[in-house]
There are 2 protein chains.
Amino acid sequence: MRIGELSARTGVPVATIKYYVREGLVSGGERTGHNQVRYGEEHVRRLRLVRAMVETGALPIAKVREVIAEVEEPGRDLDSALGVASRALASHRAPIEEPEEADLETARAIVRRRGWDRIPLDHPHLRTLADVIGRLRLLGLADMVEHEDRYALAAEQVAEADIHLLMQREERDEILETMIVGTVLGDALLTTLRRIAQVEISGRDIKGPDHDRADPECSLSTRDADAGPSAPVAEPVHAKMAMSALVGFSTVQVEWAVLR
Amino acid sequence: MRIGELSARTGVPVATIKYYVREGLVSGGERTGHNQVRYGEEHVRRLRLVRAMVETGALPIAKVREVIAEVEEPGRDLDSALGVASRALASHRAPIEEPEEADLETARAIVRRRGWDRIPLDHPHLRTLADVIGRLRLLGLADMVEHEDRYALAAEQVAEADIHLLMQREERDEILETMIVGTVLGDALLTTLRRIAQVEISGRDIKGPDHDRADPECSLSTRDADAGPSAPVAEPVHAKMAMSALVGFSTVQVEWAVLR
C-alpha cells in the first residue's frame with residue numbers, strides 16, 4: 001500500500017510516519033519506482049505498536065526506541081521484550097527517594113503471602129509498591145495496608161485476564177501493543193469500576209437501614225446536579241447483615257450509629 | 001494549641017493555614033487574648049482533610065470548598081458528602097466528548113450483570129467507563145471488554161475493603177479524609193499490584209515449558225540492568241496445565257508455539 005493508505009489504516013499522519021521512519025522506529029517501505037514506496041502489513045502492525053506506546057503509554061521516543069530494539073533483537077524472547085515495556089511504562093511512577101526498609105519489607109511480605117515467587121525482591125515495581133505503602137502510612141491509613149492482601153488478590157485476578165488476552169495474540173508486535181494499551185487503559189478500566197463499586201456499596205452499606213431520613217436528591221448514588229435527567233433510583237435494600245457477611249466484621253451495629 | 005503546634009501536628013505551614021482560614025476552608029481559632037488564637041482537635045482534623053484534598057487528591061480550591069460546604073450543611077448526610085467528594089475526584093477523568101451510545105450500553109450491561117442496581121444509569125462514572133470502553137474498542141482491544149466482568153468483580157472486592165475502612169472511622173472529617181486518600185493512593189496500590197502480578201503470571205505462563213532457551217538475564221521477572229544486585233530468581237515451574245486451569249481456556253498448546 002502507499003503511505004496515504006498506511007496513514008488511513010493506522011490513524012498516524014503521513015508526516016508522523018516519516019518521522020518514525022527517520023527515527024528508526026519503523027522500517028522504510030520498499031521502493032518500487034520513481035517516488036513510489038510500498039508498505040506492507042508489518043508496517044501497519046509496527047505503527048500501531050509505536051502509536052500505542054507514544055499516545056496511550058505516553059512514552060518518550062527514547063523509551064519507544066528501547067522497546068523496539070528489544071523486540072527486534074534476534075536472541076531475545078518475548079518475555080524479555082514485555083519486561084522492558086513493563087518497566088518503561090512504570091518508570092514515571094518510580095519513587096524519587098529510596099523507600100524505607102520497613103515499607104519494602106511490608107511490600108515483600110504481601111508478595112510472599114500471595115506466593116508470587118517469580119518476582120525478584122529488588123524489582124522496581126516492588127520499590128513503587130513500598131513507596132505507596134509509605135505514603136499511606138504517613139497519611140494515617142496504615143490500616144489500609146491490612147487490606148492489601150485483598151487488593152493483591154484482586155490484582156492477581158485481573159492480571160490473569162490480562163495475560164490470557166496477550167496469549168490470544170499471534171504476532172510479537174501485536175502482543176506488545178496489547179500489553180501496552182491493556183496496561184494503560186486497563187488501569188483506567190479498573191479504577192473507574194472501583195469508583196462505581198464504591199458508589200454501589202456505599203449506597204448499600206453506609207446509608208444503612210434508616211436511609212429514608214436522607215434527602216434522596218443528595219445521596220452518593222443519585223445524580224449530579226448538572227448531569228441531565230436522572231434515571232429512576234433503585235429502592236435501597238436494607239443490606240446491613242448482607243454487608244456484614246461480605247466484609248467480614250462484627251461491629252457493624254455500633255458503626256451505624258456513628259455514621260449517621 | 002497555638003498555630004505553630006497546629007502546623008507541626010498537621011504538616012501544613014503556618015502561612016498555608018492562614019490562607020485556608022481566609023478562604024473559609026478552615027474556621028478561625030478562638031481568640032483568647034491579645035495576638036493569641038487557640039486551635040482545637042477539630043482544626044487538626046479539618047486541616048488533614050483539606051490537605052488530603054489539595055495534596056493527595058490534587059483538587060483545586062474551588063472543589064475543596066464545594067466538598068467542605070457539603071460536609072458542613074446541617075441537613076446533608078455523610079453519603080451525600082462522600083458523593084460530592086467522589087465526583088470531584090473523578091471530574092478530571094470525565095470524558096470531553098459524549099461517549100457513544102453503544103459503549104454506554106456496554107458499560108450499563110457490566111453494571112447490570114454484577115447486580116449493581118443502586119448506581120443511576122446516567123451517573124458520571126458510567127460515562128467515564130463508557131469512554132474507556134470506546135478507547136479500548138478503537139485500539140483493537142474490544143476483546144478486553146469480555147474480561148470486564150472479571151475486572152468488575154475485582155473492583156467490587158476492593159471497594160468492599162474500601163467501604164469497610166471508612167466505617168472504622170468515627171468523625172465525618174476523618175471519614176472523608178480516608179475516602180479521598182484511600183481513593184487516590186488505593187488506585188496507585190491496585191495498579192502497582194496489577195503490574196507485579198503481571199510479571200509473576202507472565203513469568204509463569206508465557207515463558208512456558210522450555211523457558212530454558214531464554215537467557216535468564218533478559219526475562220520479565222529478572223532484574224533491571226541498573227537495579228543493583230539481583231535477588232536469587234526462583235526456579236520457574238512448568239505450570240502449563242496450572243495456568244490453563246487458572247485462566248480457563250483450552251487452546252494453550254497451540255499458543256505456546258506462537259509465543260516463542
Side-chain angles (χ1 to χ4, degrees), chain A residues 77 79-80 82-83 116-122 124-125 128-129 132 136 139 141 147 150-152 154-161 163-164 167 170 181 185 187-201 203 205-207 214 218-221 223-224 231 234 246-247 255 258, chain B residues 77 79-80 82-83 116-122 124-125 128-129 132 136 139 141 147 150-152 154-161 163-164 167 170 181 185 187-201 203 205-207 214 218-221 223-224 231 234 246-247 255 258:
Chain A
D77 64 359
D79 194 41
S80 159
L82 285 169
W116 293 345
D117 54 11
R118 281 154 181 282
I119 183 146
L121 296 178
D122 60 350
H125 290 352
T128 306
L129 180 59
V132 175
L136 283 169
L139 288 166
L141 264 82
H147 289 291
R150 193 185 279 243
Y151 269 74
E156 184 175 291
Q157 291 167 346
V158 163
E160 274 160 10
I163 301 295
H164 179 193
M167 299 182 79
E170 304 199 350
V181 173
L185 288 186
D187 281 353
L189 188 63
L190 188 57
T191 56
T192 302
L193 284 165
R194 175 178 172 232
R195 279 163 177 65
I196 294 173
Q198 284 174 339
V199 173
E200 172 70 22
I201 295 170
D205 295 348
I206 292 191
K207 212 182 259 302
C218 313
S219 88
L220 178 59
S221 43
R223 69 195 179 84
D224 224 0
L246 276 174
V247 298
E255 285 160 354
V258 157
Chain B
D77 64 359
D79 194 41
S80 159
L82 285 170
W116 293 344
D117 53 11
R118 281 154 181 280
I119 182 144
L121 295 179
D122 61 350
H125 290 350
T128 306
L129 180 59
V132 176
L136 282 168
L139 288 167
L141 264 81
H147 289 290
R150 192 185 279 243
Y151 270 73
E156 186 176 289
Q157 291 167 346
V158 163
E160 274 160 9
I163 301 295
H164 179 195
M167 298 182 79
E170 303 199 352
V181 173
L185 288 186
D187 280 354
L189 187 63
L190 188 57
T191 56
T192 302
L193 283 165
R194 175 178 173 233
R195 279 163 177 64
I196 293 174
Q198 283 175 340
V199 173
E200 172 70 23
I201 295 169
D205 296 348
I206 291 190
K207 215 182 258 300
C218 313
S219 90
L220 178 59
S221 43
R223 68 193 180 87
D224 225 359
L246 276 173
V247 299
E255 284 160 354
V258 156

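Convention: sequence-line order gives letters A, B, ...; per-chain numbering from 1. Note that the structure is predicted; figures quoted are calculated from it, not measured.
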Could you tell me which residues satisfy side-chain contact (heavy atoms from CB on, under 4.5 Å) with B:L139, sequence neighbours excluded, listed by chain and number? A:T56, A:V181, A:L185

Specify the closest pair of heavy atoms between B:R194 and A:A155, including all atoms of both residues, with the distance to one decimal. N-CB, 3.5 Å

Give the minimum heavy-atom separation between B:A159 and A:Q198, together with the two atoms involved.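 The pair with the smallest heavy-atom distance is CB-N, 3.7 Å.
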
Point-to-point distance, once rounded to the nearest 0.5 Å, from [atom1] of [X] to [atom2] of [Y]:
X: B:L193; Y: A:E156; atom1: CG; atom2: CD; result: 10.5 Å
X: A:H164; Y: B:R150; atom1: NE2; atom2: CZ; result: 8.5 Å
X: B:E160; Y: A:I201; atom1: CD; atom2: CD1; result: 4.5 Å
X: A:R195; Y: B:D187; atom1: CZ; atom2: CG; result: 4.0 Å

Check whether any side-chain heavy atom of B:R118 sits under 4.5 Å from a side-chain heavy atom of A:V199, and report yes or no. no

Residue from B:V158, B:L129, B:I196, B:L136 scoring the most non-hydrogen pairs under 4.5 Å with chain A is B:I196

